[in-house]
Amino acid sequence: MEKPYVILIGSASGIGKSTIAAELAKKLNIKHLIESDFIRAVVRGIIGKEYAPALHSSSYDAYKNIRNKTRYASYEDLVSAGFDDHASYVIPALEKIIQRAITDYDDIIIEGVHLVPGLIDIEQFKDYANIYFFILTSDEESHKERFVKRAVQIHRGGKQLDFFKENRIIHNHLLNQAIENNVHIINSQTIEQTMEEILGIIHKTCANIKLINDVEDLEDVIDIIINKNNGTLEKITYNLKGFKEPLTRKISVSNTKSAEKFIKSIMDDEIKKEYLKELYELSQYRETTICASNHEKLNNIINELKNKGYVLNE
């Protein structure tokens with residue numbers, strides 16, 4: 001039988017994971033959508049506070065239950081350790097749910113703050129399911145705005161707003177864990193953009209095209225791929241004259257923010273810009289891997305690049 005989908009969406013509170021998870025379940029027609037907070041409530045009913053005080057705290061203030069606080073080099077390390085301790089009680093139950101879904105060949109989406117890369121063992125399921133793990137991120141200003149809105153909506157504004165700093169520490173901790181464990185990091189933008197990026201990974205459709213644009217055209221190329229069509233730029237291979245082996249660079253530009261950063265890093269650095277011009281001169285074309293969420297969007301990207309004269313005619 002076809003492997004079921006297991007999609008995990010984690011983030012700190014107030015980033016938008018519940019909204020994205022609900023939209024994704026609707027888009028993919030997945031009926032099983034579970035919040036880790038509900039599982040935490042069940043586990044709390046089984047394990048008493050006297051045995052697991054961190055579990056009976058919130059994720060953002062579980063650090064208060066750590067006994068020897070002086071062993072941590074910083075407040076950030078302390079908060080992160082408390083958060084990991086809190087999540088560690090919930091994760092075994094989440095893994096059991098994943099195992100049951102796989103056994104029943106059911107697709108499932110799990111969302112929640114307790115999905116910590118490196119703590120939840122997804123390797124054990126990779127032979128039996130299509131596993132996709134995403135950590136959502138947001139800049140501090142947008143996070144705070146969403147955090148305030150969410151705190152008001154759930155009528156716990158006073159308590160939660162006092163701990164925005166700790167939630168931001170958890171946000172950064174999850175990002176670091178995602179990087180260390182090769183988990184997809186998704187910048188939480190509009191619902192449409194975030195969904196496009198996630199679906200682009202789940203339903204990734206890729207093609208290799210031969211680009212012949214100039215360095216000055218690079219911003220327009222990126223705009224067509226990323227901003228206009230929500231595609232991703234994965235890899236560039238330079239076939240250099242006089243060299244036996246090609247030069248390959250993994251780019252992984254996948255959203256507006258990373259696109260702006262990529263262009264700025266080149267255009268604002270004259271040395272890097274000149275180096276890139278030399279690479280372009282040494283190569284007849286750049287074999288470029290681009291991806292999109294479906295064939296239609298991928299074709300739109302290729303056709304627009306062709307119409308601009310950026311693709312080698314063969």
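- Not less than 6.0 angstrom separates the ring centroid of His114 from the ring centroid of Tyr89.
- Summarising the local packing, CZ of Phe243 is surrounded by 12 or fewer heavy atoms from other residues, nucleotides or ligands at distances under 6.0 Å.
- In terms of heavy atoms, Pro246 sits closest to Asn239 at CB-OD1, 3.6 Å.
- More than 12 heavy atoms of other residues, nucleotides or ligands lie within 6.0 Å of NZ in Lys69, so this atom counts as buried by the packing criterion.
- Residue Lys26 qualifies as open at atom NZ: its count of foreign heavy atoms under 6.0 Å is 12 or below.
- Contact between Cys206 and Thr289 at its shortest, heavy atoms only, is CB-CG2, 4.4 Å.
- Closest non-hydrogen pair, Ile39 versus Ala93, comes out as CG2-CB, 3.5 Å.
- A side chain to side chain contact (heavy atoms under 4.5 Å, CB included) with Val6 is found for exactly one of Ile102, Asn130, Ile110, namely Ile102.
- With hydrogens and angles ignored, the 3.5 Å screen pairs no side-chain donor or acceptor of Thr288 with any backbone N or O of Leu211.
- Judged as a ring-ring contact (aromatic ring centres under 6.0 Å, His included), the pairs with a partner in residues 180-239 (not counting sequence neighbours) are, in order, Phe134-His184.
- Atom CG of Leu33 is separated from atom CD of Glu23 by 11.0 Å, given to the nearest 0.5 angstrom.
- In this structure, Ile191 CD1 and Thr19 OG1 are separated by 5.5 Å, a value rounded to the nearest 0.5 Å.
- The closest donor-acceptor contact from the side chain of Thr137 to the backbone of Asn187 lies at 3.5 Å or more, if one exists at all.
- Tracing side-chain contacts under 4.5 Å through hydrophobic residues (I, L, V, M, F, W, Y), one never reaches Ile251 starting from Ile185; they form parts of separate clusters.
- Asn176 places a side-chain N or O within 3.5 Å of a backbone atom of Asn172 that can act as its donor or acceptor partner.
- Contact annotation: the side chain of Asp139 approaches that of Glu141 to within less than 4.5 Å [non-hydrogen atoms, C-beta and beyond].
- Of all heavy-atom pairs spanning Gly10 and Lys17, the tightest one is C-CD, 4.1 Å.
- The shortest side-chain heavy-atom distance between Lys204 and Glu234 falls under the 4.5 Å cut-off.
- Contacts classified as side chain to side chain donor-acceptor pair (under 3.5 Å) and involving residues 210-225 (residues at least two apart or in different chains) are given here: Lys210-Glu314, Asn213-Arg286, Glu216-Lys273, Asp220-Lys308, Asp220-Tyr310, Asp223-Asn227.
- For the atom pair NE2 of His173 and CD of Gln177, the computed distance is 4.5 Å after rounding to the nearest 0.5 Å.
- There is a path of hydrophobic side-chain contacts, each under 4.5 Å, that joins Leu218 to Ile209.
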Checklist entry - Going through the distances and angles, do His86 and Arg40 end up as a side-chain contact (heavy atoms from CB on, under 4.5 Å)? => result CA-CA 9 Å; His86 170 85; Arg40 178 187 62 179; 3.6 Å; yes
Checklist entry - Going through the distances and angles, do Ile9 and Ile186 end up as a side-chain contact (heavy atoms from CB on, under 4.5 Å)? => result CA-CA 10 Å; Ile9 303 177; Ile186 305 294; over 6 Å; no
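- With sequence neighbours excluded, the residues that form a side-chain contact (heavy atoms from CB on, under 4.5 Å) with Leu174 are Phe83, Val116, Pro117, Ile135, Ile170.
- Inter-residue side-chain proximity for Val215 and Tyr280 is flagged as met; some heavy-atom pair is nearer than 4.5 Å.
- Follow the hydrophobic side-chain contacts under 4.5 Å out from Ile236 and you reach Leu240 in the same cluster.
- Panel note: side chain Ser74, backbone Asp77; a donor-acceptor pair is recorded below 3.5 Å.
- The CG atom of Leu199 sits 6.5 Å away from the NZ atom of Lys27 when rounded to the nearest 0.5 Å.
- Atom CG of Asn307 has more than 12 heavy atoms from other residues, nucleotides or ligands within 6.0 Å.
- Residues Leu298 and Ala207 come closest through the heavy atom pair CD2-CB, 3.8 Å.
- Residues Ile179 and Phe262 fall into different hydrophobic clusters, defined by Ile, Leu, Val, Met, Phe, Trp and Tyr side chains chained together at heavy-atom separations under 4.5 Å.
- Partners of Ile212 by side-chain contact (heavy atoms from CB on, under 4.5 Å), not counting sequence neighbours, listed by chain and number: Tyr285, Leu312.
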Next on the checklist: Show, in sequence, the C-alpha distance, side-chain angles and deciding distance for Ser293 and Asn230, and conclude whether the side-chain contact (heavy atoms from CB on, under 4.5 Å) test is met.
Outcome noted: CA-CA 8 Å; Ser293 57; Asn230 295 309; over 6 Å; no
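- Under a hydrophobic-cluster definition in which Ile, Leu, Val, Met, Phe, Trp and Tyr are linked whenever side-chain heavy atoms come within less than 4.5 Å, directly or via other members, Leu119 and Val183 are assigned to the same cluster.
- Under the 4.5 Å side-chain criterion, counting only non-hydrogen atoms from C-beta, Ile108 is not in contact with Pro4.
- In this structure, Tyr105 and Glu2 approach most closely via the heavy-atom pair CD2-O, 3.9 Å.
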Item to check | Worked verdict on Glu274 versus Lys277 for side-chain contact (heavy atoms from CB on, under 4.5 Å) | outcome: CA-CA 5 Å; Glu274 285 302 315; Lys277 285 182 179 179; 3.8 Å; yes
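- We find the CD-OG distance between Glu145 and Ser138 to be 9.0 Å, quoted to the nearest 0.5 Å.
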Acceptor/donor pairs from residues 43-55 side chains to any protein atom, 3.5 angstrom cut, sequence neighbours excluded:
from  : atom 1 : to    : atom 2 : distance (Å)
Arg44 : NE     : Leu55 : O      : 2.8
Arg44 : NH2    : Leu55 : O      : 3.1
Arg44 : NH2    : Ser57 : O      : 2.8

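- Two residues are said to be in side-chain contact when any heavy atoms from C-beta on lie closer than 4.5 Å; Leu24 and Ile30 fail this criterion.
- A donor-acceptor pair under 3.5 Å links the side-chain atoms of Ser88 to the main chain of Asp85, judged by distance alone.
- Using a 4.5 Å heavy-atom threshold, the side chains of Leu78 and Arg71 count as separate.
- Within the 4.5 Å cutoff, the side chain of Ile98 has heavy atoms near those of the Ile120 side chain.
- Within 6.0 Å of OH on Tyr128 lie no more than 12 heavy atoms contributed by other residues, nucleotides or ligands.
- Using a 4.5 Å cut-off on side-chain heavy atoms (C-beta onward), Glu95 and Gln99 make no contact.
- Without hydrogens or angle criteria, His143 side chain to Ser13 main chain gives a donor-acceptor distance under 3.5 Å.
- Listed by chain and number, the residues in a salt bridge (Lys or Arg N to Asp or Glu O under 4.0 Å) with Asp268 are Lys264 (sequence neighbours excluded).
- Ile301 contributes atom CD1, which lies 9.5 Å from atom CD1 of Ile224 (distance to the nearest 0.5 angstrom).
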